[in-house]
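Contents: one structure, followed by commentary.
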Amino acid sequence: VEEMILRSEKLALIGELAAGVAHEIRNPLTSLRGYTEFLKDETIEEEKQQYFDILLDEIQRIDFIVGEFMLLAKPKVLKFSDKNVISTLNHIVTFLQTEARYKRVSILTQFDEPSVIVHCDENQLKQVFLNIVKNAIEAMPNGGDIQIRVKKRAGTVLIEFQDQGVGIPKEKVQNLGEPFYSTKEQGNGLGLMVCFKIIKDHKGTIQVESEENVGTTFKIELPTS
Ligand code: ADP
Ligand code: MG
C-alpha cells in the first residue's frame, strides 16, 4: 500500500484560522494560570491543593495545544543555516534511545554518507524527527525495530523512518496531519500537523507507506546545499 500525502491549501487555511483563535485564547489562559497559582498559594487546606494542581495541569494542556497552533500561522522566525542532517539525526537517536530501549524498541541507523548538508532550521527539523520516531515507538507496543536510512539523491536527500508497528489503514492515511486526528488515548493529533508545516517551510515533502500490522515508513525529502 503506497499513499502520497498531499497537503491541501484548505488545510493551510484552517491552520491560519486556528492560529488566530489560538492567539485569542492565550491571554485569558495566562490570567487563569496566574489566579490559579495565586489561589493555590493562599489555600491552606491540604485536600484542596490537589485540585489546584489538576487545574494547573489542565491549563498547561490547553496552553500546549494553543502553542502548537500558533506555530502554524505565526511561525517563529526561522533561523536557517547549513547543517549536517546526519548529526541532527544522531542527536535525536541518542536522545530517544533510553525511552526506546525501555519499550523494547531498537533504533537502527544506516547512513551511507558521513555528512549531508541541508539548509535548515535545525531545531525545527529536530522536532520533526522527534515526532516521527516517537510515533514509530508508540506504534509498536510490543517492541520492534525502527530503521532510519539516509539516501543522497541529485540535489536532495531522502530520509526514511521505517517501523514494524500497527500500520495505518489505507483510508486513514489522508487524515494524517489533520489537527486532532489521533488514534491514541493520550494523543493530541498535532505532531504530524507540525511536521508537515515544518517540512513545507523547508521546501521538502513527506510521504508515507503503510501496511496494517506490518509497519509504516515515513519518507522525507529535503533539498541539499
Ligand atoms: P498523536 O501521536 O498525538 O496521535 P500525531 O499527529 O503524531 O498525533 O499522529 C496522528 C496519528 O497518526 C496517530 O494517532 C496514529 O494513528 C497515526 N500515526 C502516526 N505515525 C504512525 C506510525 N508510525 N504508525 C502507525 N500510525 C501512525
Ligand atoms: Mg505523535
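Both counts, for ligands and for their atoms, begin at 1 and track the order of listing. Side chains are part of it too, since the values below use all heavy atoms of this structure and drop only hydrogens, waters and symmetry mates.
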Exercise for review: Report the distance from atom CG of Asn135 to atom OG of Ser182, rounding to the nearest 0.5 Å.
Suggested key: 8.5 Å
Check your understanding: What's the shortest distance from atom 4 (O) of ligand 1 to any protein heavy atom, and which residue and atom give it?
Key -> Ser182 OG, 2.6 Å
Point to revise | Step-by-step salt bridge (Lys or Arg N to Asp or Glu O under 4.0 Å) determination, Arg26 to Asp63 | key: CA-CA 7 Å; Arg26 262 281 157 86; Asp63 194 50; 2.8 Å; yes
Practice item. For atom 26 (N) of ligand 1, state which one of Ile168, Thr217, Leu190, Leu192 supplies the nearest heavy atom. Key: Ile168
Exercise for review: For Phe218, counting its heavy atoms only, list the atoms of ligand 1 lying under 4.0 Å from any of them.
Suggested key: 20 (N), 23 (N)
Check your understanding: Should the proximity of Ala139 to ligand 1, defined as any heavy atom under 4.0 Å, be assigned to the side chain, the backbone, both, or neither?
Key -> side chain
Exercise for review: Enter the distance from Met193:CE to Leu190:CG here, rounded to the nearest 0.5 Å.
Suggested key: 4.5 Å
Check your understanding: Applying a strict 4.0 Å limit to heavy atoms, is Asn188 in contact with ligand 1?
Key -> yes
Exercise for review: Starting from atom 11 (C) of ligand 1, find the nearest protein heavy-atom neighbour and note its residue, name and distance.
Suggested key: Tyr181 O, 3.7 Å
Review point. What atoms of ligand 1 come within less than 4.0 Å of a heavy atom belonging to Gly187?
Key: 3 (O), 4 (O)
Point to revise | Taking atom 22 (C) of ligand 1 as the reference point, the nearest protein heavy atom with its distance | key: Asp163 OD2, 3.7 Å
Exercise for review: Tell me, please, if Ser182 has any N/O/S atom, main chain or side chain, under 2.8 Å from the Mg ion (ligand 2)?
Suggested key: no
Review point. With sequence neighbours left out, what residues match Phe180 under ring pair (Phe, Tyr, Trp, His ring centres under 6.0 Å)?
Key: Phe69
**Study point:** Protein contact to atom 12 (O) of ligand 1 [nearest heavy atom, distance to 0.1 Å]
**Key:** Leu176 CD2, 3.2 Å
Point to revise | Distance from atom 15 (C) of ligand 1 to nearest protein heavy atom, with residue and atom | key: Thr183 OG1, 3.4 Å
Exercise for review: List the steps, then state whether salt bridge (Lys or Arg N to Asp or Glu O under 4.0 Å) holds for Lys134 with Glu138.
Suggested key: CA-CA 6 Å; Lys134 267 180 168 288; Glu138 286 160 5; 5.1 Å; no
Practice item. Show which residues join Tyr51 in its hydrophobic cluster (side-chain heavy-atom contacts under 4.5 Å, direct or indirect), or state none. Key: Ile54
Review point. In the protein, what heavy atom is nearest to atom 19 (C) of ligand 1, and what distance, to one decimal place, separates them?
Key: Asn135 ND2, 3.6 Å
Review point. Measuring from the heavy atoms of Phe161, does anything fall under 4.0 Å of ligand 1?
Key: no
Review point. Counting both backbone and side chain atoms, is some N or O of Gly189 under 3.5 Å from an N or O of ligand 1?
Key: yes
**Study point:** Exercise: do Thr217 and Glu160 side chains pair donor with acceptor under 3.5 Å
**Key:** no
Review point. Among protein heavy atoms, which lies nearest atom 2 (O) of ligand 1, and at what distance?
Key: Lys184 NZ, 2.7 Å
**Study point:** Salt-bridge present (Lys40, Asp53; N to O < 4.0 Å)
**Key:** yes
Review point. So is Gly167 close enough to ligand 1, meaning a heavy atom under 4.0 angstrom away?
Key: yes
Review point. Does the distance from a Lys or Arg side-chain N to an Asp or Glu carboxylate O, for Asp57 and Arg61, drop under 4.0 Å?
Key: no
Point to revise | Crowding at CZ, Phe38 (>12 non-hydrogen neighbours, <6.0 Å) | key: no
